[in-house]
Amino acid sequence: MAKKEKVKKPFYKRVWFWVLVVIIAIAVGGGASGGKSSKTSTTSNSSSVSSTTKLPSGATTEQKNALRQAESYSNMMYMSKTGIYDQLTSDAGDKFSAEDAQWAVGNLKVDYNKNALAKAKQYVSQQHLSKAGVYDQLSSDSGEKFTADEAQYAVDNLKYDYKKSALAKAKTYQTQMNMSSDAIYDQLTSDAGEKFTADEAQYAVDHLND
């Protein structure tokens, strides 16, 4: 029986996501500019970023840009502190220096518990993860890189019926992989699989044909 990988690659690290971001940015910028040149639109968008973080006096231009970018990642993508730092310094990301990126995350005023909770809501609604699966994804070094405390806060405060997630996963296995009910149950409850509870998995297989 095929086993899925325990931790999925965050969607914001995938090529299609950044292509989509660029397309949306161009579309929004064009509409907001009312037909003005793209240069004017880009400048306007950059200066209109909502900021809740006060820029410290004496900061360099690179530091200010890194801080604004960091705040954008937090507000729009609910990223962790480590995730933001990695994105700022990545050769496939913003290419800020380690010093400027560290300065930015150090001066960014963010409640990362709230970011973790917002990200958790995305995972259950879009990927139908179990509670344990959400925690793993949030805290994994190959996932979102939230701290253990932040990930725990998220799953503790996420009000969600995981039986619905289990059923959605079960139907995926049934229709796309032609798995039997017993195999689906095993996959749902496996520590190498979805990590749903026994009750959640049983509910799922019991309602597969509803």
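When reading the values below, keep in mind they use all heavy atoms of this one structure, side chains included, and skip hydrogens, waters and symmetry mates.
For the atom pair CG (Asp141) and OG1 (Thr82), the distance works out to 8.5 Å, reported to the nearest 0.5 Å. To the nearest 0.5 Å, atoms OH (Tyr135) and CG (Asp156) are separated by 10.0 Å. Distance NZ/Lys121 to CD/Gln126: 13.0 Å, rounded to 0.5 Å. Here the CG atom belonging to Asp191 is positioned 6.0 Å from the NZ atom belonging to Lys195, to the nearest 0.5 angstrom. Rounding to the nearest 0.5 Å places CD of Glu144 at 8.5 Å from CD of Gln122. Distance check, rounded to the nearest 0.5 Å: CG of Asp136 to OG of Ser130 gives 7.5 Å.
Cluster membership for Leu129 and Leu167, using ILVMFWY side-chain heavy atoms within less than 4.5 angstrom, is not shared. If you chain together hydrophobic residues whose side chains sit under 4.5 Å apart, Tyr160 and Tyr203 never meet in one group. Side-chain heavy atoms closer than 4.5 Å link hydrophobic residues (I, L, V, M, F, W, Y) into clusters, and following such links, even through other members, never connects Val155 to Tyr78.
Side chains of Tyr85 and Lys145 form no contact here, defined as non-hydrogen atoms less than 4.5 Å apart. Two residues are said to be in side-chain contact when any heavy atoms from C-beta on lie closer than 4.5 Å; Gln174 and Ile184 meet this criterion. Taking 4.5 Å as the limit, some side-chain heavy atom of Phe96 sits within range of a side-chain heavy atom of Asn65. A 4.5 Å side-chain heavy-atom check between Leu88 and Gln69 finds at least one atom pair inside the cut-off. In this structure, the side chains of Tyr123 and Leu158 stay at 4.5 Å or more apart for every pair of heavy atoms.
Remark: side-chain polar atoms of Lys163 are not paired, donor with acceptor, to backbone N or O of Gln202 under 3.5 angstrom. Between the side chain of Thr172 and the backbone N or O of Ala168 there is at least one donor-acceptor pair closer than 3.5 Å.
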Taking it one step at a time, do Ser140 and Ser142 satisfy side-chain hydrogen bond (donor to acceptor under 3.5 Å, both in side chains)?
CA-CA 5 Å; Ser140 172; Ser142 57; 3.0 Å; yes
Show the numbers, then the answer: is there a side-chain hydrogen bond (donor to acceptor under 3.5 Å, both in side chains) between Asp94 and Tyr73?
CA-CA 11 Å; Asp94 296 296; Tyr73 286 132; 2.6 Å; yes
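Scanning all heavy atoms of the two residues, the minimum distance from Ile84 to Met79 falls at CG1-CB, 3.7 Å. Scanning all heavy atoms of the two residues, the minimum distance from Leu117 to Ala154 falls at CD1-O, 3.4 Å. A pairwise comparison of heavy atoms in Tyr173 and Gln187 identifies OH-NE2, 3.1 Å as the closest pair. In plain terms, the two heavy atoms of Lys95 and Asp91 that are nearest each other are CE-O, 2.8 Å. Closest non-hydrogen pair, Ser165 versus Val124, comes out as OG-O, 3.8 Å. The heavy-atom pair separating His207 from Lys171 by the smallest distance is O-CE, 4.1 Å.
When the shell of 6.0 Å around OH of Tyr112 is examined, it contains more than 12 heavy atoms from other residues, nucleotides or ligands.
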